[in-house]
Visitor: 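I'd like to ask you about the structure that follows.
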2 protein chains.
Amino acid sequence: MIKDLFQCSTQGRMTGDERREQILQAAVQLFSQRGFSGTTTKQIALASGVSEAMVFRHFETKDALYDAILDSKRSDDGVHRFPWEENEDLRLAMEAKDDFGVFYNLGLHALTKHHTDESFMRLLFFSALEEHKLAERFFGEFVSKVYEFIGNYISERQKDGAMRELDPKIVVRAYLGMLIHHSLNNILWDKQRRMMDISNEDAAKNFADILLNGIKN
Amino acid sequence: MIKDLFQCSTQGRMTGDERREQILQAAVQLFSQRGFSGTTTKQIALASGVSEAMVFRHFETKDALYDAILDSKRSDDGVHRFPWEENEDLRLAMEAKDDFGVFYNLGLHALTKHHTDESFMRLLFFSALEEHKLAERFFGEFVSKVYEFIGNYISERQKDGAMRELDPKIVVRAYLGMLIHHSLNNILWDKQRRMMDISNEDAAKNFADILLNGIKN
DNA sequence: GCGCCTAAAGTAAGTGCTTACTTACCGTAT
DNA sequence: ATACGGTAAGTAAGCACTTACTTTAGGCGC
């Protein structure tokens with residue numbers, strides 16, 4: 001594996017899988033920056049350090065390349081893994097019915113992920129606007145599950161008498177709204193953080209605080 | 001004016017201004033649906049019912065057409081007019097320091113506007129992703145003013161002792177987050193309202209309710 | 001070890017079509 | 001009669017994708 005990386009960076013020639021991966025990464029970067037129709041296969045080839053023909057050896061069409069991104073994103077870097085599956089703090093807080101812990105960790109987890117995978121966020125938004133199926137699938141496979149899961153937690157806490165009787169879905173939307181909108185601001189409109197410069201921890205803390213006071217009994 | 005409309009719909013030949021406006025509208029529609037690079041001048045010409053040459057008689061380049069949209073959006077249909085300038089209920093509520101009235105009306109106003117000008121919303125997001133200057137300008141001229149204005153109201157109410165000492169900017173971000181994210185869901189991901197089907201009034205009511213309970217003293 | 005062979009990595013130079021934009025020319029209302 | 005709304009038919013560059021060919025890594029007989 002170390003040898004692979006060594007080869008990768010020093011020699012011009014790579015194995016098929018290495019090159020495929022490299023083209024894929026270049027495509028992710030470019031599609032996320034300029035959108036699908038704003039990116040040319042020539043640019044992708046150039047960014048991958050190969051000729052255009054190589055792009056088409058690895059991916060039948062430009063569309064197929066887009067689809068391959070989707071699949072790779074799902075399998076390798078756990079974009080589709082749910083917060084409660086990989087965040088121990090969150091799971092413990094849920095068991096303990098520590099509402100602040102739940103919403104704080106959930107928020108921090110989301111904000112951190114948005115921050116570290118900015119290009120995926122942009123890709124998602126582009127694909128939503130351009131109406132590729134990436135966004136649709138992500139919504140169906142991931143977002144709706146999040147609504148369900150957090151919604152269930154809220155229902156439970158309502159039965160406990162800890163939260164007011166609001167539609168859980170609306171509460172989830174309100175909270176995700178704070179989080180996603182905040183990330184969107186950071187990624188799209190206020191990259192220099194001129195309007196607001198705040199750590200993810202502070203943001204998560206404040207949002208959780210506002211929400212929980214807003215819905216507690 | 002009635003004659004203008006009559007001419008417009010029945011005769012092939014229009015005055016220059018009429019045609020210009022028609023091309024502009026077609027471009028708004030197409031750019032908002034497919035983005036700038038996803039739209040061709042041929043498509044715009046077709047949608048306007050003229051030849052491509054006419055598009056270039058009225059607008060020097062495709063880019064100039066994009067800029068013209070920006071300018072027209074600003075001048076004619078009041079996209080840049082502030083809620084508190086055109087919403088009497090909101091203004092009255094602010095004078096009366098009726099917090100729920102303020103945030104409810106603000107929210108309803110925003111959601112209604114997003115709903116009726118969906119294509120402008122899409123245009124804004126496209127331009128933010130594609131990094132055209134439309135989004136940047138809108139952010140500088142409109143969004144930042146909204147933050148300032150609502151932020152000031154919150155500061156005032158904090159001095160009155162009616163609201164907790166949270167950073168007003170974060171509160172604004174939280175609330176705008178709920179509103180914009182909700183509209184975004186309706187426009188981009190859940191057009192059929194399968195996940196949540198709720199009137200703008202109910203949404204504004206719930207969001208205002210959550211926020212105000214979240215920040216009250 | 002050594003050379004040979006083959007599969008696969010790689011490319012230069014296309015293909016036909018589409019793109020943004022132009023030119024040179026009409027028809028008609030005033 | 002001329003100014004203006006309008007078009008048909010371009011142009012050069014760029015697009016997704018292909019073809020026909022070259023280079024190289026590495027397995028295998030010797």
Side-chain angles (χ1 to χ4, degrees), chain A residues 1-31 33-69 126 130 132, chain B residues 3-31 33-69 126 130 132:
Chain A
M1 192 166 144
I2 286 162
K3 196 185 153 211
D4 286 354
L5 288 167
F6 189 69
Q7 269 194 337
C8 189
S9 54
T10 54
Q11 281 181 244
R13 189 141 181 178
M14 293 183 186
T15 67
D17 286 350
E18 280 170 350
R19 190 60 86 186
R20 196 189 137 96
E21 187 57 31
Q22 180 167 331
I23 293 169
L24 217 78
Q25 289 311 316
V28 167
Q29 209 54 37
L30 285 165
F31 284 154
Q33 260 153 29
R34 313 168 201 224
F36 183 78
S37 55
T39 304
T40 69
T41 51
K42 202 173 189 171
Q43 290 168 349
I44 294 169
L46 196 76
S48 316
V50 286
S51 68
E52 234 179 313
M54 277 307 290
V55 174
F56 287 99
R57 168 149 301 169
H58 285 289
F59 305 95
E60 278 210 331
T61 61
K62 194 183 170 190
D63 269 292
L65 176 51
Y66 199 97
D67 292 344
I69 289 175
F126 257 124
E130 290 177 329
H132 277 270
Chain B
K3 193 185 155 215
D4 287 353
L5 288 167
F6 188 67
Q7 269 192 338
C8 187
S9 54
T10 55
Q11 281 180 242
R13 189 145 180 175
M14 293 184 187
T15 67
D17 286 351
E18 279 170 349
R19 189 60 85 185
R20 196 188 136 94
E21 186 57 30
Q22 181 167 332
I23 293 168
L24 216 80
Q25 289 312 315
V28 167
Q29 209 54 36
L30 285 165
F31 284 153
Q33 261 154 29
R34 312 170 202 229
F36 182 78
S37 55
T39 303
T40 68
T41 51
K42 201 173 189 174
Q43 289 167 347
I44 294 169
L46 196 76
S48 317
V50 287
S51 68
E52 236 179 311
M54 278 306 289
V55 174
F56 286 99
R57 167 150 301 168
H58 285 289
F59 305 95
E60 278 208 333
T61 62
K62 195 184 169 188
D63 269 292
L65 176 50
Y66 198 96
D67 292 344
I69 289 174
F126 257 124
E130 291 177 329
H132 276 270

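Residue numbers start from 1 in every chain, and the chains themselves are labelled A, B, ... in the order their sequence lines are given, proteins ahead of strands. In this text the structure is predicted, and so the values were computed from the model without any measurement.
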Visitor: Taking only residues two or more places apart in sequence, or in another chain, which ones meet Asp67(B) in a side chain to side chain contact (heavy atoms under 4.5 Å, CB included)?
Guide: Lys133(B)

Visitor: Using a 4.0 Å heavy-atom cut-off across all strands, classify Val50(A) as base, sugar-phosphate, or nothing.
Guide: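 If one applies the 4.0 Å heavy-atom cut-off, Val50(A) turns out to touch the sugar-phosphate alone, with no base involved.
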
Visitor: Does anything in residues 39-48 of chain A reach DNA chain D, meaning a heavy atom under 4.0 Å, and if so which residues?
Guide: Thr39(A), Thr40(A), Thr41(A)

Visitor: How close do Ala26(B) and Ile44(B) get, heavy atom to heavy atom, and via which atoms?
Guide: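 Smallest heavy-atom distance, with atoms named: CB-O, 4.2 Å.
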
Visitor: With sequence neighbours left out, write down each residue that passes ring-ring contact (aromatic ring centres under 6.0 Å, His included) with Phe31(B), or none if nothing qualifies.
Guide: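 Partners of Phe31(B) under the ring-ring contact (aromatic ring centres under 6.0 Å, His included) test: Phe36(B), Tyr66(B).
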
Visitor: With the side chain of Met54(A) defined as its heavy atoms from C-beta on, choose the nearest nucleotide among dG10(C), dG6(D), dT22(C).
Guide: dG10(C)

Visitor: Show the distances under 3.5 angstrom between N or O atoms of the protein and N or O atoms of nucleotides 9-12 of chain D.
Guide:
none

Visitor: Quick one: are Gln43(A) and Arg34(A) in side-chain contact, heavy atoms under 4.5 Å?
Guide: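 They are in contact (side-chain heavy atoms under 4.5 Å apart), so the answer is yes.
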
Visitor: About how many Å separate CD of Glu130(A) and OG of Ser37(A), when rounded to the nearest 0.5 Å?
Guide: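 Separation between the atoms: 4.5 Å.
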
Visitor: CD of Gln22(B) versus P of dG5(D): gap in Å, rounded?
Guide: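 Distance check: Gln22(B) CD to dG5(D) P gives 14 Å.
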
Visitor: Report the distance from atom CZ of Phe56(B) to atom P of dT22(C), rounded to the nearest whole Å.
Guide: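 After rounding, the reported distance stands at 7 Å.
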
Visitor: Mind checking the CZ-CD1 spacing from Arg20(A) to Ile23(A)? Nearest 0.5 Å is all I need.
Guide: 9.0 Å

Visitor: In residues 59-66 of chain A, which ones come under 4.0 Å of DNA chain C, going by heavy atoms?
Guide: none

Visitor: Name all residues meeting the side chain to side chain contact (heavy atoms under 4.5 Å, CB included) criterion together with Gln33(B); count only those two or more places apart in sequence or in a different chain, and write none if there are none.
Guide: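 Here the qualifying residues are Gln29(B).
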
Visitor: Please give, in whole Å, the distance from dG14(D) P to Arg34(A) CZ?
Guide: 14 Å

Visitor: Quick one: side chains of residues 49-57 of chain B, donor-acceptor pairs under 3.5 Å with protein atoms, not counting sequence neighbours, listed by atom name and distance.
Guide:
unit_1, atom_1, unit_2, atom_2, d
Glu52(B), OE2, Thr41(B), OG1, 2.7

Visitor: Could you measure the distance from the NE2 atom of His58(A) to the CG atom of Leu24(A)? Nearest 0.5 Å is fine.
Guide: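 Between His58(A) NE2 and Leu24(A) CG, I get 10.5 Å after rounding to 0.5 Å.
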
Visitor: Can you tell me the distance, in whole Å, between the CZ atom of Phe31(A) and the C1' atom of dA16(D)?
Guide: 12 Å

Visitor: Check ring-ring contact (aromatic ring centres under 6.0 Å, His included) between Phe59(B) and all other residues, then give those that pass, not counting sequence neighbours.
Guide: none

Visitor: Indicate whether the side chain of Glu18(B) and that of Gln22(B) have a donor and an acceptor atom separated by less than 3.5 Å.
Guide: no

Visitor: Protein-nucleotides 1-4 of chain D N/O pairs closer than 3.5 Å?
Guide:
unit_1, atom_1, unit_2, atom_2, d
dC4(D), O2, Arg13(B), NH2, 3.2

Visitor: Write down the distance between CZ (Arg19(B)) and C1' (dT7(D)), rounded to a whole number of angstrom.
Guide: 12 Å

